[in-house]
Amino acid sequence: MATYLIQDTTSKAIKKSLIKWGEFPIDNSSVRGTVNIKNYRQYQFRNEVDIEFNGEICARHSSLAVLTWFKSDIYNQKSTSKIKVNKLIKRAIFKEVKDQAAYFGINLRYVEEIKKINWI
């Protein structure tokens, strides 16, 4: 079954409104900062969003370390996987992104629907 991008007037209007009102603050036990929904794609059976994250994440760098707050410089540390850090961010902010996307009529059901994270 082929998936194709739906580009109708509704999805174009949602993209334009996300540029103006897509930014919101987030603060929970593992993430704090602001999240901006940058792009939206609608397919036949799912929706996808790209986000921009500006903030800090609370994590352990190694199994023996204590929980500390990291900025985007965690990507440059030795033995740190960018993929694992992005998965951690996705899981930590999914509920808030899902609630914010619902205001624009975007139905997110799974964590995997957050496709791209740009951490500034």
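What you see below is based on every heavy atom in this structure, not just the backbone, and it leaves out hydrogens, waters and symmetry mates.
Relative to the ring axis of Tyr40, Lys15 does not place its NZ or CZ within 45° and under 6.0 Å from the centre.
Distance check: Ile117 CD1 to Lys82 NZ gives 10.0 Å after rounding to the nearest 0.5 Å. Taking CD of Glu48 as the reference point, atom CD of Glu113 lies at 7.5 Å (rounded to 0.5 Å). Atoms OH and CD1, from Tyr43 and Ile6 in turn, are 10.0 Å apart once rounded to the nearest 0.5 Å. Remark: Asn54 CG to Thr34 OG1 distance equals 4.5 Å, nearest 0.5 Å. Separating the CD atom in Glu52 from the CD1 atom in Ile120 is a distance of 4.0 Å, to the nearest 0.5 Å.
Between Asp50 and the options Lys90, Arg41, Lys38, Lys116, a salt bridge (Lys or Arg N to Asp or Glu O under 4.0 Å) holds for only Arg41. Just one residue in the list Ile14, Thr10, Asp8, Ile106 forms a side-chain contact (heavy atoms from CB on, under 4.5 Å) with Gln42, and that residue is Asp8. Between Ile51 and the choices Val35, Asn39, Asn118, Asn36, the side-chain contact (heavy atoms from CB on, under 4.5 Å) rule is met once, by Val35.
Transitive grouping of hydrophobic side chains (ILVMFWY, heavy atoms separated by less than 4.5 Å) brings Trp21 and Phe53 into a common cluster. When hydrophobic clusters are built by joining Ile, Leu, Val, Met, Phe, Trp and Tyr residues whose side-chain heavy atoms come closer than 4.5 Å, directly or via intermediates, Phe24 is grouped together with Ile114.
Ring planes of Trp119 and Tyr75: perpendicular class, angle over 60° (limits at 30 and 60°).
Residues Val49 and Leu18 form no side-chain contact, since every pair of their non-hydrogen atoms from C-beta on lies 4.5 Å or further apart. The side-chain heavy atoms of Lys84 and Leu88, taken from C-beta on, include no pair separated by under 4.5 Å. The side-chain heavy atoms of Tyr110 and Arg46, taken from C-beta on, include no pair separated by under 4.5 Å.
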Going by atom type alone, with no hydrogens or angles, which donor-acceptor pairs under 3.5 Å involve a side-chain atom of residues 91-103 and a protein atom two or more places apart or on another chain?
{"residue": "Lys95", "atom": "NZ", "partner": "Asp99", "partner atom": "OD2", "Å": "3.2"}

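Scanning both residues, Phe70 and Ala59, for their nearest heavy atoms gives CE1-O, 3.4 Å. The minimum heavy-atom distance between Gln7 and Lys12, with the atom names listed, is O-CE, 4.3 Å.
Residues that satisfy the side chain to side chain donor-acceptor pair (under 3.5 Å) test with Asp73, not counting sequence neighbours, are absent from this structure. In terms of the side chain to side chain donor-acceptor pair (under 3.5 Å) criterion, Arg60 has no residue partners (sequence neighbours excluded).
For Ile83, the CD1 atom counts as loosely surrounded, since its 6.0 Å shell holds 12 or fewer non-hydrogen atoms of other residues, nucleotides or ligands.
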